[in-house]
Amino acid sequence: MDSTQAMARRILRDYGETYVHEAGIRLRDAPSPLYQLLVLCVLLSAPIRAATAVAAARELFADGLRTPRRMAGSTWQDRVDALGRAHYRRYDESTATALGKGARLVLDRWNGDLRALREEAGGDPPRVRELLQEVPRIGPTGADVFCREVQAVWPELRPFADARVREAASGVGLPRTPGKLAELVPRGEFARFADGLVRVGLTRGASDRLRGA
């Protein structure tokens, strides 16, 4: 095992929890978990701590808002209250509005099933990102998060490594290109590895500790 593979194994071991797992989402290529991932991406798109966004997702899901139909059927105040319990401050009201509008869009445009978005994109990753950005509050960052997570179940997106992943990889002496990064871990572990690199980039001192290990 060379040094880059050893580094990749340490990242998987110490930082390799996906954001969907942290949010309590059992990701599968099925309507409800894909929608829950979309909700998480909406929450992560605000300039707020990732841990707060994850906590907000868990609160919404605990209230049963796991499908676009349930989200669209909830009241704006229901959503604000759930976000407030997670201390999702400053953006709670606008995000509650965006979640309601986004749920209705998913119902109207893709009949509540984001697999239809996948089919519409025809296996083209840039088109997937483009379609995702039609959802209120989802911009390039949110679309990147969605693709980074969903590549675990939509293999045509793999290996997906956005700018945050590539920057963190460079910071610990790993290659920046998605293909080269994918060579360092088993095929089924790449989504976890990508999220691990993001966590390394967000954790103070993590890069230095890994390089010094």
Side-chain angles (χ1 to χ4, degrees), residues 5 7-45 50-51 53-58 60-61 66-68 102 106 110 112-133 135 138 140-169 174-203:
Q5 290 174 317
M7 176 69 76
R9 289 189 63 174
R10 287 196 296 272
I11 290 168
L12 281 172
R13 182 192 67 202
D14 296 341
Y15 299 96
E17 182 181 21
T18 63
Y19 286 100
V20 288
H21 182 269
E22 187 182 357
I25 302 167
R26 296 182 179 181
L27 188 60
R28 294 176 292 113
D29 186 26
S32 180
L34 291 172
Y35 176 69
Q36 291 169 46
L37 170 57
L38 186 71
V39 168
L40 177 62
C41 293
V42 169
L43 297 168
L44 286 166
S45 293
V54 167
R58 295 185 73 97
L60 289 164
F61 303 153
R66 301 185 185 93
T67 68
V106 172
W110 297 297
D113 187 348
L114 290 171
R115 293 176 299 182
L117 178 154
R118 180 188 188 186
E119 183 176 349
E120 184 177 340
D124 179 37
R127 181 61 174 153
V128 170
R129 293 182 75 257
E130 182 181 337
L131 289 171
L132 286 167
Q133 290 178 70
V135 178
I138 297 282
T141 297
D144 283 346
V145 175
F146 188 95
C147 291
R148 196 172 70 225
E149 301 283 340
V150 84
Q151 66 182 317
V153 294
W154 289 2
E156 68 272 20
L157 297 184
R158 195 185 305 140
F160 184 88
D162 58 84
R164 282 187 172 185
V165 173
R166 299 193 302 271
E167 183 178 351
L174 295 179
R176 289 180 58 94
T177 61
K180 291 293 186 182
L181 286 170
E183 293 174 0
L184 301 177
V185 296
R187 182 174 176 81
E189 296 278 40
F190 190 75
R192 202 161 68 84
F193 180 46
D195 269 4
L197 282 165
V198 171
R199 291 181 186 276
V200 167
L202 293 173
T203 304

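We're numbering straight along the sequence, starting at 1. The figures that follow rest on heavy atoms only: side chains count, while hydrogens, waters and symmetry mates do not.
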| message | For P31 versus G112, what's the shortest heavy-atom pair and its separation? | response | CB-O, 4.1 Å
| Verdict with supporting geometry, L174 and M7, side chain to side chain contact (heavy atoms under 4.5 Å, CB included) | CA-CA 8 Å; L174 295 179; M7 176 69 76; 3.9 Å; yes
| message | As an exercise, state the distance from CZ of F193 to CZ of R9, rounded to the nearest 0.5 Å. | response | 12.5 Å
| task | Evaluate the side-chain proximity of E120 to L117: yes if any heavy-atom separation is below 4.5 Å, no if none is. | result | no
| said: Within the 4.5 Å heavy-atom criterion, are P140 and D162 side-chain neighbours or not? | reply: no
| query | If we only count heavy atoms from C-beta on, is the V150 to F160 side-chain gap below 4.5 Å? | reply | no
| message | Apply side chain to side chain contact (heavy atoms under 4.5 Å, CB included) to residues L132 and L38 and explain how you reach the verdict. | response | CA-CA 9 Å; L132 286 167; L38 186 71; 4.0 Å; yes
| field | From CZ (R199) to CG (D14), nearest 0.5 Å | value | 12.5 Å
| query | Taking all atoms of both residues into account, what is the closest heavy-atom pair of P175 and A169, and its distance? | reply | O-CB, 3.5 Å
| Residue pair P33 / A30: nearest heavy atoms and the distance that separates them | CD-O, 3.4 Å
| Closest contact, heavy atoms only, V153 versus R28 | CG1-CA, 4.1 Å
| query | Does the salt bridge (Lys or Arg N to Asp or Glu O under 4.0 Å) test come out yes or no for E22 and R58, once each step is laid out? | reply | CA-CA 9 Å; E22 187 182 357; R58 295 185 73 97; over 6 Å; no
| So do the side chains of I11 and L197 get within less than 4.5 Å of each other, counting heavy atoms only? | yes
| query | Is it true that a side-chain atom of E119 and a backbone atom of R115 form a donor plus acceptor pair closer than 3.5 Å? | reply | no
| Between CG on residue L114 and OG on residue S32, distance to nearest 0.5 Å | 10.5 Å
| message | Working to the nearest 0.5 angstrom, can you tell me the gap between T67 OG1 and F61 CZ? | response | 10.5 Å
| said: Quick one, H21 and R192 - any side-chain contact, counting heavy atoms below 4.5 Å? | reply: no
| Just wondering, are more than 12 heavy atoms of other shown residues or ligands nearer than 6.0 Å to CD in E167? | no
| message | As a quick check of understanding, evaluate ring pair (Phe, Tyr, Trp, His ring centres under 6.0 Å) for W154 and F146, giving each step before the final call. | response | CA-CA 11 Å; W154 289 2; F146 188 95; 5.8 Å; yes
| Would you say R164 has more than 12 foreign heavy atoms packed within less than 6.0 Å of its CZ? | no
| query | Side chains of C147 and V128: closer than 4.5 Å at any heavy-atom pair? | reply | yes
| said: Could you tell me if the side chain of L43 sits less than 4.5 Å from the side chain of L60, heavy atoms only? | reply: yes
| Taking R66 for the side chain and Q36 for the main chain, is one N or O donor matched with an acceptor at less than 3.5 Å? | no
| task | Evaluate the side-chain proximity of I25 to E149: yes if any heavy-atom separation is below 4.5 Å, no if none is. | result | no
| note | For R158 and A152 the tightest heavy-atom approach is NH2-O, 3.5 Å
| Once you round to the nearest 0.5 Å, how far does CG of L181 lie from CZ of R166? | 9.5 Å
| note | Nearest heavy-atom contact between L40 and A53 is CD1-O, 4.3 Å
| Could you give all pairs that pass the salt bridge (charged side-chain N to carboxylate O under 4.0 Å, His left out) test and reach residues 174-186, with sequence neighbours left out? | none
| note | Rounded to the nearest 0.5 angstrom, the CD1-CG distance for I138 and D144 is 10.5 Å
| field | D195 side chain to Y19 backbone, donor-acceptor under 3.5 Å | value | yes
